[in-house]
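As the structure lists them, so they are numbered: ligands from 1, and atoms in each ligand from 1.
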Amino acid sequence: MIELPIVTQPSEATTYAAEPQGEETATQERRLYIETYGCQMNVNDSEIVKGILRRYGFRPTDKIDQADVIFLNTCSVRENAERKIFERLRHLRHFKRKKEDLVIGILGCMAERLRKDLVQKEPIVDLVVGPDEYRKLPTLVQAAQQGEKGIAVKLSRVETYDDIEPLRTEGISAWISIMRGCDKFCTFCVVPFTRGRERSRPLRSIVAEVQRLWDQGFKEVTLLGQNVNSYRCPDTQQDFADLLAAVARAVPAMRIRYTTSHPKDMSDKLIETMAAYDNICKYIHLPVQSGSDRILALMNRTYTAEQYLERIEKIRSIIPHCTLSTDIIAGFPTETEEDHQATLELMKQVRYDGAYMFKYSPRERTKAWKMGDDVPEEVKLRRLQEIIELQNAISYEKNQELIGSVEEILVEGPSKRNPEEWQGRTDGNKVTIFPYDQNLQPGDRIYVRIVRATSATLFGERVDQPH
Ligand code: SAH
Ligand code: SF4
Ligand code: F3S
């Protein structure tokens with residue numbers, strides 16, 4: 001167990017701004033603009049932040065030039081993610097020059113990782129607030145408007161924001177964090193340091209939130225956690241499979257997804273629960289990271305390639321057409337050509353529908369940081385390229401196999417490229433494009449026969465029947 005960082009400024013004695021009584025009592029309306037980077041947990045956290053600040057008269061805006069407060073909710077997982085934020089801060093300088101009392105805050109994982117360095121390095125930053133300190137934002141923003149910089153980066157063992165109603169923008173799909181933190185300590189990963197220890201929300205409150213979302217018109221929810229298989233209800237000790245079943249039963253017409261599973265804890269019970277409910281999507285994101293046992297051990301992933309493949313077999317025996325995706329890292333310290341080949345081999349064996357593929361990026365404080373970063377950049381890049389090319393070919397083949405089949409699509413709205421076409425997703429999470437039809441509404445469930453496919457997208461036409 002690592003020591004929790006204890007850095008909190010303004011001091012512990014800071015009194016929180018008195019919460020206004022009722023929703024709309026704050027005297028002056030101020031506008032809040034948030035840009036969100038990183039994973040879906042950050043997306044949901046930004047909604048939580050909006051939920052907290054709305055009670056103090058802050059209205060979300062998507063117009064940055066009208067904002068009184070600008071937050072960047074940041075990610076630290078790879079160096080590139082952080083580089084993007086520093087670039088973004090440079091662009092924000094002229095907003096600060098134009099509007100003296102504009103408050104600029106860094107939230108999220110980078111705030112947690114870099115703390116006061118951020119304020120020192122970037123004079124335009126007024127606030128640095130880590131993922132477990134968002135309740136202090138109203139007070140900190142108030143102080144920042146009077147010129148006082150604020151840093152609040154203490155991690156908590158209990159904070160889950162369970163009582164905060166996230167302020168979601170309209171849509172049909174909602175994210176729900178069911179737990180926070182991660183105790184796995186994969187040796188390459190910064191998340192256990194930026195997000196702290198694992199803690200779960202009560203099952204009853206998650207089920208109630210899903211029910212409320214259904215009543216508000218949402219048609220799909222994704223239950224979120226860095227490692228959802230570790231979910232444990234603090235009141236009843238029920239596990240993640242119990243939670244999934246409870247949600248599926250409570251709202252039978254809601255499409256239910258979840259992410260992310262750790263292969264070590266992908267239990268038979270969870271796979272069987274997925275199979276038992278029609279409204280739980282048959283899609284599993286199961287990050288493998290590497291196909292080499294030696295590298296998996298150095299990564300502290302706690303499974304071998306064989307054990308991983310056994311889980312995949314089990315999934316396919318219980319849910320034959322389950323869509324599968326993964327995460328892969330190329331160029332972990334000491335990775336040899338042989339290790340790399342083992343990764344390609346595993347990919348060929350599993351034949352994932354999709355993958356998120358990354359070049360290893362050393363992160364300070366992690367165990368892998370101390371292993372050095374000995375795979376040369378050009379070797380990393382070449383290996384990553386080989387992994388991407390192989391995956392693209394497999395994704396393409398797998399999507400070709402779907403041509404002629406009929407898929408149930410949850411309609412999202414106009415496609416990004418062409419407003420004459422609409423898009424939605426299959427149960428297996430594949431983006432599907434179909435012609436616009438004036439009777440269509442976002443949130444409809446329709447059947448689409450697949451007529452064409454690329455490695456990333458399915459194209460189809462609407463049909464009346466599932467067969
Ligand atoms: N909790 C999830 C995801 C964590 S971050 C899980 O356990 O799978 C998402 C992905 O980023 C990881 O799965 C990993 O593939 C990648 N990643 C994390 N740290 C990285 C690093 N230092 N360099 C490159 N990729 C990294
Ligand atoms: Fe990072 Fe591993 Fe935790 Fe995922 S399970 S967040 S990769 S430490
Ligand atoms: Fe990034 Fe933090 Fe998510 S490091 S991936 S935003 S948990």
Side-chain angles (χ1 to χ4, degrees), residues 2 35-46 72-85 106-114 130-132 153 155 175 177-198 223-231 258-266 284-291 295-296 298-303 308 324-333 335 343 352 354-373 375 377 380-381 383-384 387 391:
I2 56 145
E35 254 169 44
T36 307
Y37 297 81
C39 64
Q40 290 100 340
M41 310 253 351
N42 261 9
V43 175
N44 190 224
D45 276 5
S46 289
L72 306 183
N73 193 1
T74 60
C75 174
S76 279
V77 79
R78 282 167 293 275
E79 201 187 341
N80 248 343
E82 293 194 350
R83 197 173 302 140
K84 253 194 273 178
I85 298 298
I106 301 287
L107 313 182
C109 293
M110 224 172 131
E112 193 60 51
R113 203 180 83 74
L114 296 173
D132 287 347
V153 289
L155 288 170
W175 309 103
S177 300
I178 60 163
M179 58 189 299
R180 300 178 73 84
C182 182
D183 289 353
K184 286 283 181 199
F185 288 95
C186 301
T187 57
F188 51 80
C189 184
V190 78
V191 172
F193 302 94
T194 60
R195 292 268 169 176
R197 302 289 57 76
E198 241 167 50
L223 307 181
L224 292 176
Q226 292 300 347
N227 172 22
V228 288
N229 314 109
S230 298
Y231 174 83
Y258 67 89
T259 200
T260 300
S261 300
H262 193 288
K264 174 76 185 313
D265 309 326
M266 186 80 214
I284 303 177
H285 180 60
L286 201 61
V288 67
Q289 315 296 0
S290 168
I295 296 292
L296 286 170
L298 286 176
M299 287 176 162
N300 189 32
R301 288 295 288 182
T302 65
Y303 53 81
Y308 181 91
L324 286 165
S325 63
T326 199
D327 291 348
I328 294 175
I329 298 177
F332 185 82
E335 189 188 71
T343 299
Y352 295 103
Y356 301 89
M357 299 157 283
F358 311 103
K359 185 170 66 107
Y360 171 69
S361 167
R363 310 311 287 136
E364 235 172 311
R365 293 180 74 192
T366 62
K367 277 205 172 145
W369 172 264
K370 298 186 198 91
M371 297 177 199
D373 181 20
V375 179
E377 182 67 10
K380 271 191 203 168
L381 280 173
R383 288 182 189 164
L384 178 63
I387 288 169
Q391 184 52 46

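To the nearest 0.5 Å, atoms SG (C182) and CZ (R197) are separated by 7.5 Å. Taking CD from E364 and NZ from K370, the interatomic distance works out to 10.5 Å, rounded to the nearest 0.5 Å.
Of the options R78, R83, K84, a side chain to side chain donor-acceptor pair (under 3.5 Å) to N80 is made by R83 and by none of the others. With F188 as the fixed residue, the side-chain contact (heavy atoms from CB on, under 4.5 Å) test singles out one of N300, T366, L298, I329: I329.
Not a single heavy atom of G108 sits less than 4.0 Å from an atom of ligand 3. A heavy-atom separation below 4.0 Å is found between I329 and ligand 1. Ligand 2 has R301 within reach: a non-hydrogen atom of the residue lies less than 4.0 Å from it.
Nearest non-hydrogen protein atom to atom 8 (O) of ligand 1 is P287 CG, 3.0 Å. Of all protein heavy atoms, the one lying nearest to atom 7 (S) of ligand 3 is Q226 NE2, 3.1 Å. Scanning all protein heavy atoms for the shortest distance to atom 5 (S) of ligand 1 gives V77 CG2, 3.9 Å. Closest to atom 4 (S) of ligand 3 among all protein heavy atoms lies S76 N, 3.3 Å. Of the protein's heavy atoms, Q226 O, 4.2 Å lies nearest to atom 4 (Fe) of ligand 2. With hydrogens left out, the protein atom closest to atom 19 (N) of ligand 1 is F188 CD1, 3.3 Å, a heavy atom. With respect to atom 17 (N) of ligand 1, the closest heavy atom belonging to the protein is R78 NH1, 3.3 Å.
The main-chain N or O of S177 is found under 3.5 Å from a side-chain atom of N44 such that the two form a donor-acceptor pair. Between the side chain of R365 and the main chain of R113, no donor-acceptor pair closer than 3.5 Å is present. Using modelled atom types, no side-chain atom of S261 and backbone atom of M266 make a donor-acceptor pair closer than 3.5 Å. Side-chain atoms of S46 do not come within 3.5 Å of backbone N or O of T36 as any donor-acceptor pair. The closest donor-acceptor contact from the side chain of D45 to the backbone of G108 lies at 3.5 Å or more, if one exists at all. Within the 3.5 Å criterion, the main-chain N or O of L224 finds no donor-acceptor partner in the side chain of T259. Not one N or O on the side chain of Y360 forms a donor-acceptor pair closer than 3.5 Å with the backbone of D373. N73 places a side-chain N or O within 3.5 Å of a backbone atom of N42 that can act as its donor or acceptor partner. In this structure a side-chain-to-backbone donor-acceptor pair under 3.5 Å is present from Y303 to V288. Using a distance-only test at 3.5 Å, with no hydrogens or angles considered, no donor-acceptor pair links the side chain of T187 to the main chain of K367.
Residues K184 and E198 are not paired through a salt bridge, judged by the lack of any N-O separation under 4.0 Å between the basic side chain and the carboxylate.
Residue contacts with ligand 1: R363 is placed with no nitrogen or oxygen under 3.5 Å of a nitrogen or oxygen of the ligand (distance criterion only).
Considering only non-hydrogen atoms, atom 13 (O) of ligand 1 lies nearest to D327 out of T260, I328, N80, D327. Between the choices Q226, M41, Q289, the shortest heavy-atom distance to atom 15 (O) of ligand 1 belongs to Q289. Among C189, C182, S230, the residue whose heavy atom lies nearest to atom 3 (Fe) of ligand 2 is C182.
Residue contact check: C75 has heavy atoms under 4.0 Å from atoms 1 (Fe), 4 (S), 5 (S), 6 (S) of ligand 3. Taking every heavy atom of F185 and a limit of under 4.0 angstrom, the matching atoms of ligand 2 come to 8 (S). Heavy-atom contacts of K184 reach the following atoms of ligand 2: 3 (Fe), 5 (S) (cutoff under 4.0 Å). Shown in contact with N42 at under 4.0 Å from a heavy atom are these atoms of ligand 3, numbered in order with element: 6 (S). Per-residue contacts place K359 under 4.0 angstrom from the following atoms of ligand 1 (heavy atoms of the residue considered): 23 (N), 24 (C). Per-residue contacts place Y360 under 4.0 angstrom from the following atoms of ligand 1 (heavy atoms of the residue considered): 23 (N), 24 (C).
For atom 2 (Fe) of ligand 3, the set of nearby N, O or S atoms under 2.8 Å includes one belonging to C109. Checking C39 against atom 3 (Fe) of ligand 3, an N/O/S atom falls under the 2.8 Å cut-off. Atom 2 (Fe) of ligand 2 has an N, O or S atom of C186 under 2.8 Å away, backbone or side chain.
Under 4.0 angstrom from ligand 3, there are no non-hydrogen atoms of M41. Only side-chain heavy atoms of P192 come within less than 4.0 Å of ligand 2; its backbone N, CA, C and O stay farther off. Proximity of V191 to ligand 2, defined as any heavy-atom pair under 4.0 Å, is confined to the side chain (atoms from C-beta onward). Contacts between S361 and ligand 1 below 4.0 angstrom, taking non-hydrogen atoms only, involve backbone and side chain alike.
Ring to ring, F332 and F358 are not that close: their centroids are 6.0 angstrom or more apart.
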